[in-house]
Amino acid sequence: MSKIYNLKDQLFMSPIRKYEIYGKFPWKLVIQILLMIFTACQVLIIINDSTTYSYNQYVLWNKIFLNKDVEGKDLYLTNTFNIYGSSQLKSYIKSTVDYYYDINSHTIDNYEYHYQDDGDKNPVKMLVEYYDYTKAFKRGYEIEYFLSNNDLGPFSNENLHEYLDQVIKFELRFTLIHNLNKHMNLFNDCYEWNILQIYDYSAHGHIKVSLKPTRSSCGDTNYNILKEYIWINIITTILAIWSLVLIAKHIHKRLLMVMELTGMSNGIRSAWEALPLPVKMKFFNFWVLVFIIGNIFQIFGGILSFYDENTILWVHEFSVGFGCFFAWIGGVRFLNKTSPSYTVVNTMERSVKTITLFIVGVIPIFLGYVFMAMCIFWKSGIYYNTHMSMIANYAIVNGDSVYNFSMAGLKESPLISQIYYYSCAVFFISYSHKIFIVIIERAFSSLKRNPPFVEDETSDDGFDNPKINSRKLEYKKEIEKKRKSKNAMKLILNSGRNDKIQLFDEKTLSKIVSLDNMVAIIIKEIEKFNSIIEYANKDDYEFWIMKDHIESLIYFSIDPIVQFLN
């Protein structure tokens with residue numbers, strides 16, 4: 001392995017090129033590939049079993065404590081349940097309390113409880129939020145109640161309407177323990193389910209009930225490294241730490257180079273503090289940030305898997321999910337920037353600025369439609385608040401549920417709804433989407449006309465890297481040839497406009513006349529080309545292909561003249 005003396009190669013050359021030219025083993029690439037593999041294994045082997053179990057429990061809690069009348073064939077989760085009467089509210093809360101105290105009569109599996117010191121089951125806790133706490137306390141209302149089969153707290157009283165008039169929302173909380181067979185593939189053999197039943201009465205009219213079950217582990221974590229895939233988490237954590245060390249070494253090496261080039265000799269820490277903020281930010285480009293953020297999530301995901309028995313599981317799944325995401329995104333960094341596999345990234349880089357500016361211009365129009373719908377079509381049940389209005393209009397922007405939404409609006413205002421939905425659909429689907437496509441197509445076409453050239457990965461010395469240097473020279477020759485062709489074309493088209501043409505001799509003048517005749521022929525041919533593409537749609541990708549082809553024909557035709565004039 002030879003030492004890399006070229007400064008540009010040390011800073012910008014990819015790991016693969018360094019290995020090919022200098023024999024430096026690409027540890028960064030190997031570690032990134034391993035992180036991609038092991039984070040995917042975390043998701044597919046470990047998280048997949050946990051989420052499958054958890055979803056089935058969500059379906060069960062949804063059936064017992066939210067939508068009690070759901071049929072057995074329905075496995076989807078419904079978000080809310082609406083209560084419209086006081087008698088319905090009392091029976092709903094009583095059934096919830098009864099189901100909790102006798103849960104095993106309504107389930108196939110067995111569940112356990114937390115017990116008080118006297119041996120009784122922990123009661124259902126009710127927490128209340130009032131509009132005016134002072135007024136509520138004067139009437140004897142409390143913030144916290146404990147419900148049982150024989151005591152439903154404020155719902156045992158007859159003046160329920162008077163009580164509810166002071167309430168914004170209230171919630172019921174209770175906990176159930178689920179012990180599992182130790183031979184299952186789950187990471188833990190016991191889960192504690194904290195079930196939160198929320199009753200929202202802030203808008204009055206009806207009470208909207210929602211359910212939020214959360215999980216935590218309560219039993220023995222299976223630390224069998226080979227059997228329960230703990231080794232996957234250990235390897236992922238080691239790889240992430242290794243990756244962070246390599247990033248730190250990379251930044252440290254760059255800082256030493258800056259010190260050497262600027263003549264600093266007062267220590268690394270002092271040199272770093274002396275650098276202005278814009279210069280410091282250049283040490284952390286997009287890919288460095290992707291790797292650092294990904295490594296942090298991967299380390300947390302690995303540690304949380306065996307750090308604490310009471311770790312909340314969604315934090316672990318959240319960390320593993322983001323760690324896997326950044327690992328796979330970071331793999332793009334090691335693709336050859338001039339290869340077709342990097343085309344998507346190159347296209348995004350060339351179009352992101354234009355698309356961002358276009359989005360900034362579209363957002364006010366989108367919000368205008370949202371706010372207008374909230375004021376006109378709120379009775380339809382689709383635009384009753386800002387959040388749902390934005391979701392509904394985003395669906396229309398993408399051509400989803402247009403029929404259902406427009407029919408709901410048609411019942412409210414036939415004329416205005418037709419104007420609203422037709423104008424919205426035409427603008428966003430036929431115009432806005434088309435512009436996005438055109439921007440991306442033009443960015444893609446520019447890759448063909450001006451392919452990316454990674455100059456930073458070449459050496460200044462042609463003898464160090466002849467293959468890359470020869471490709472660089474060929475690229476520059478092509479650019480220079482096009483420049484000369486354009487200049488020659490200008491000379492040809494302006495040849496007959498010389499004010500001093502009478503000063504030329506007869507031989508030179510005959511050459512100029514011949515050149516003028518050639519110019520006339522070229523102009524006629526160009527006019528034919530223009531007539532071909534005159535009626536073409538400039539937004540289509542085929543137009544730009546045709547345009548490139550015509551330019552190539554023109555350059556090819558005048559190439560002999562270019563050689564003569566240069």
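Taking the six-membered ring where the residue is Trp, F170 and Y199 present parallel rings, their angle staying beneath 30° rather than reaching 60°. Note: Y92 and F81 have parallel aromatic rings, judged against thresholds of 30 and 60 degrees for the angle between ring planes. The aromatic rings of F322 and F318 lie tilted to each other, with the angle between the two planes from 30° to 60°. Using the six-membered ring where Trp is involved, Y53 and W193 have ring planes that are tilted, between 30° and 60° apart.
Under the rule for a side chain to side chain donor-acceptor pair (under 3.5 Å), the partners of T175 that lie at least two apart in sequence or sit in another chain are N194. For Q42, the side chain to side chain donor-acceptor pair (under 3.5 Å) criterion is met by N233, not counting sequence neighbours. Every residue two or more places apart in sequence or in another chain that forms a side chain to side chain contact (heavy atoms under 4.5 Å, CB included) with D49 is listed here: N185, L186.
No salt bridge links E171 with K169; every basic N to acidic carboxylate O contact stays at or beyond 4.0 Å.
Here the rule is ring pair (Phe, Tyr, Trp, His ring centres under 6.0 Å) with Y111, and of Y100, Y99, W61, F174 only W61 fits it.
Under a 3.5 Å cut-off, the side chain of Q298 and the backbone N or O of G294 do form a donor-acceptor pair. A donor-acceptor pair under 3.5 Å is absent between the side-chain atoms of Y420 and the main chain of I376, judged by distance alone. Proximity of a side-chain donor or acceptor of Y383 to a complementary backbone N or O of S380 within less than 3.5 Å is not detected. Without hydrogens or angle criteria, Q197 side chain to L211 main chain gives no donor-acceptor distance under 3.5 Å.
Between I292 and V288, the closest side-chain pair of non-hydrogen atoms falls below 4.5 Å. You'll find the side chain of V43 reaches within 4.5 Å of the side chain of V320, heavy atoms only. Taking the side chain as every heavy atom from C-beta outward, V167 and E129 never approach each other to under 4.5 Å. Considering only heavy atoms from C-beta on, L246 comes within 4.5 Å of I31 through its side chain.
Heavy atoms of other residues, nucleotides or ligands lying less than 6.0 angstrom from CE of M36 number more than 12.
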Could you walk me through whether Y421 and F405 pass the ring pair (Phe, Tyr, Trp, His ring centres under 6.0 Å) check?
-> CA-CA 9 Å; Y421 285 104; F405 293 168; 7.5 Å; no

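D200 and S202 share a side-chain donor-acceptor pair at under 3.5 Å.
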